[in-house]
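These notes concern the structure reproduced below.
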Amino acid sequence: PAAPSRAQVFATVVDTFLEKLVAAGSYQRFASCYRCFYKLQPEMTRGIYDQFVSQLQASIKEEIQEVKDEGNLEVLFNSLDKIAEEAQSREEPAWRPSGIPEEDVRSAVVPYLLKHRSYLRKVLKEKEEENGKVAESVLAGRERIAELQQLIQARKRAWQ
Amino acid sequence: FDELIVETATKRKQWPKKILMHAIQTMKAEQE
Amino acid sequence: MSVNPMAYEAQFFGFTPQTCMLRVYIAFQDYLFEMMLVVESVILKKLVGFPDCKISPFQIRKSTEKFLLFMKDHFDKLFSKMEEVLLQLVLNIPENVLLPEDKVQEQYPYSKEQFQALQDEIRQLQQQYKAEASAGQALRAELEEQKAVQAELEKILQWFDGLENICREHGTGNFKESFAFLTQNSKKLQDVLKEVEEKSKKIK
C-alpha cells in the first residue's frame, strides 16, 4: 500500500491530537472539577461540557484550515510528496547550501557558461574556415599578380 | 532569527536565477 | 543544545516549520483559554438563576483553574508529540531530497578551480575569435587591393597586346623579325650604296 501523503498525515496527526485532548478532558474530569455546579445542575453541566468540547474542536479545526490556506499547505505538501517520490532511488544525502553564496551560485552560472563556450567554439571554427577560404583566395591572388608582373617584365624585355 | 532564516532561505531560492540573468546580460553586453 | 534552523525547509515552505508550529500552539492555547472563560461565564450566568445556592464565583473560578491546569498540562504534552511528528514527517525535507531550484548543484558541481578554468577558456576563445575576426578583415582588405592591382597589371598587358595588334594591322606580323629584316635590308642597301659610290669613283 502506498505511503500516506503529507496532507493525510497532517490531518491524521491533528485529529489524533484533538481526540486525545478531548479524551483527557473527559466529562468525568469536567464534572469532578465543577463538582459543586454538577451537584446543583448535572444536566446543565453536561450541556455546557458538550458545548465546550464542540466549540474547542471547531475552533481548532478552523485554525488548522486557516494555517493551511494561508501557507498554501495542501499544494506544498503534494509538491513535496512528488519531489520526495522522485528522489526515492537516491540513497546518499543530497546537496545542501554551503552557507557561502559565491560558491553556491557558481553552479547556477555554469550551464550558461558551458553554452557560451560551445557557441564560441562553433563560431570560432566557422570563422577559421571562412578565413581559410579567404586566405586561399589571397594566396591565389598574389600568385596571379606575380604571374602578371612576370609577363609584363617579359614583354618589356622583348621591346627593350 | 526566524525572519532572518526565512529571508536567507528566500534569497537562496530566488537570487541565483536573478544573478544568472544579470551575468548573462553583462556577458552579452561585453560581447556586443 | 544546538538548534536546527530548518533553513532548507524554510526555502521550500516560505516559513520555518518551528514558527508554524508555534503559531498553531499559541492559537490552540488561546482557544482553550477562551473556551474556559466562556464556560466559566456561562456557569456564573446560570448560577444567577439559583440565588439560594451557596456556590460563590470564587469557587467557580477555582474549578475553572483546576480544570484548565489539567487541560493545559495534557495539551502541552499532546502538542509536543504532535509537533515532533509534524516536524519529522510532514514539515520536513528528507536528506536525500534536492529541491528543483537546486538541481544545477548536482548537475554541475564545479569547484572554484574548475569554474576559473572554464572562465579562462571562454576568455581565451573570445581572444581567439577577436584575432580571427581581425585577420579576416585584413585578408578581405588585401583581396580588395589585389583586385585593383590585378586590374592595373592587366591594363598594362592589354596595352602591350594593343601595340602588337597595331603592328600586325600594318603588315608586321612579327615585329622583331620585321625589325631585324628592316635592319638587314638597311644594311644591304647601305652596302649597295657604298658599292655604287666606289664604282662611280672608278669610272670617273
Side-chain angles (χ1 to χ4, degrees), chain A residues 6 9-10 13-14 17 20-21 24-25 29-30 33-34 36-37 40-41 44 48 52 55-56 59-60 63 67 71 76-77 80 83-84 87 90-96 106-108 110-111 113 116-117 120-121 123-124 127-128 130-131 134-135 137-138 141-142 144-145 148-149 151-152 155, chain C residues 8 12-13 15 20 24 27-28 31-32 35 39 42-43 46 50 53 55 59 63 66-67 70-71 74-75 78-79 82 85-86 89-90 94-98 100 102 104-106 108-110 115 118 121-122 125-126 128-129 132-133 135-136 139-140 142-143 146 149-150 153-154 156-157 160:
Chain A
R6 275 175 169 73
V9 172
F10 186 81
V13 167
V14 170
F17 164 80
K20 291 190 168 170
L21 187 65
R29 176 66 60 176
F30 185 80
C33 290
Y34 287 97
C36 41
F37 186 76
L40 185 69
Q41 289 289 320
M44 206 175 281
I48 293 172
F52 161 73
Q55 260 319 111
L56 185 67
S59 302
I60 283 176
E63 176 64 23
V67 167
L76 289 176
F77 286 158
L80 187 52
I83 296 168
R90 186 208 177 91
E91 280 177 15
E92 65 276 12
W95 176 88
R96 288 290 183 265
R106 242 182 257 142
S107 296
V110 162
L113 290 183
H116 191 48
R117 184 181 69 174
L120 284 174
R121 280 176 177 168
V123 295
L124 179 62
K127 203 68 179 170
E128 282 171 344
E130 190 188 308
N131 283 355
V134 177
S137 304
V138 164
R142 285 180 190 175
R144 175 70 184 143
I145 286 171
L148 287 170
Q149 283 175 326
L151 282 171
I152 289 167
R155 300 283 195 104
Chain C
Y8 208 50
F12 177 77
F13 287 107
F15 54 79
C20 176
V24 170
F28 283 12
Y31 287 133
L32 180 64
M35 291 301 120
V39 162
V42 165
I43 292 175
K46 299 292 182 195
F50 299 94
C53 80
I55 304 169
Q59 278 175 288
S63 300
K66 193 176 171 189
F67 186 67
F70 175 81
M71 285 297 281
H74 276 83
F75 171 85
L78 289 168
F79 193 91
M82 178 172 83
V85 171
L86 290 180
L89 298 180
V90 178
E95 270 185 14
N96 65 331
V97 167
L98 184 69
D102 295 327
V104 281
Q105 300 293 345
E106 285 195 338
Y108 304 103
Y110 268 56
F115 189 76
L118 180 57
E121 194 184 338
I122 285 172
L125 284 167
Q126 283 171 331
Q128 282 177 301
Y129 183 81
E132 282 297 322
L139 286 170
R140 270 181 280 277
E142 185 174 330
L143 217 53
Q146 281 180 355
V149 167
Q150 278 179 25
L153 293 176
E154 272 160 7
I156 294 170
L157 272 177
F160 276 115

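Nothing here was measured: the structure is a model prediction, and the numbers come from that model. Throughout, protein chains are lettered first and strands after them, A, B, ... in sequence-line order, and every chain is numbered starting at 1.
- Looking at Leu86(C), the atoms closer than 4.5 Å to chain A (heavy atoms on both sides) all sit in the side chain, from C-beta outward.
- Here the CD-CZ distance, from Gln146(C) to Arg144(A), works out to 11.5 Å after rounding to the nearest 0.5 Å.
- Atom CD of Glu154(C) is surrounded by more than 12 heavy atoms from other residues, nucleotides or ligands within 6.0 Å.
- Interface residue Phe50(C): only side-chain heavy atoms are found under 4.5 Å from chain A.
- Between Gln41(A) and Lys46(C) the shortest side-chain heavy-atom distance does not fall below 4.5 Å.
- Here the straight-line distance linking atom CZ of Phe75(C) with atom NZ of Lys20(A) works out to 15.0 Å at 0.5 Å rounding.
- For the pair Glu106(C) (side chain) and Ala94(A) (backbone), a donor-acceptor distance under 3.5 Å is absent.
- In this structure, CG on Leu124(A) lies 8.5 Å from OH on Tyr129(C), to the nearest 0.5 angstrom.
- Only the side chain of Phe70(C) comes within contact range of chain A, with at least one heavy atom under 4.5 Å from a heavy atom of that chain.
- Counting only heavy atoms from C-beta outward, the side chains of Leu32(C) and Phe52(A) approach each other to under 4.5 Å.
- Among all heavy-atom pairs drawn from Cys33(A) and Lys66(C), the shortest one is SG-CG, 4.0 Å.
- The nearest pair of heavy atoms linking Ile83(A) to Phe12(C) is CD1-CE1, 4.1 Å.
- With rounding to the nearest 0.5 angstrom, the CD atom of Gln150(C) is 6.5 Å from the CG atom of Leu148(A).
- The minimum heavy-atom distance linking Leu80(A) with Val90(C) is given by the pair CD2-O, 4.1 Å.
- Interface remark: Leu98(C) contributes backbone and side-chain atoms alike to the contact with chain A (heavy atom separation under 4.5 Å).
- Using a 4.5 Å cut-off between heavy atoms, Pro94(C) touches chain A through backbone and side chain atoms alike.
- Distance check, rounded to the nearest 0.5 Å: CD of Glu95(C) to CD of Glu91(A) gives 13.0 Å.
- Remark: Ala133(C) pairs with Lys127(A) by the side chain to side chain contact (heavy atoms under 4.5 Å, CB included) rule, at least two apart or across chains.
- Chain C forms the most heavy-atom pairs under 4.5 Å with one residue out of Leu120(A), Val138(A), Val9(A), and that residue is Val138(A).
- In this structure, His74(C) and Leu21(A) approach most closely via the heavy-atom pair C-CD1, 4.4 Å.
- For the residue pair Val39(C) and Phe30(A), the shortest heavy atom distance occurs at CG1-CZ, 3.7 Å.
- The contact between Glu121(C) and chain A is made entirely by side chain atoms (from C-beta outward), counting heavy-atom distances below 4.5 Å.
- Between chain A and the residues Leu139(C), Asp102(C), Val104(C), the most heavy-atom pairs under 4.5 angstrom are made by Leu139(C).
- Between Tyr34(A) and Phe67(C), the ring-plane angle classifies as tilted under the 30° and 60° cut-offs.
- Between the CH2 atom in Trp95(A) and the OH atom in Tyr8(C) there is a gap of 6.0 Å [rounded to 0.5 Å].
- In this structure, Arg142(A) and Glu142(C) have side chains that are in contact, with non-hydrogen atoms separated by less than 4.5 Å.
- Most heavy-atom pairs under 4.5 Å with chain A, from the set Leu125(C), Ile122(C), Leu89(C), Val24(C): that is Ile122(C).
- The minimum heavy-atom distance between Asn96(C) and Ala87(A), with the atom names listed, is ND2-O, 3.0 Å.
- Interface residue Leu118(C): only side-chain heavy atoms are found under 4.5 Å from chain A.
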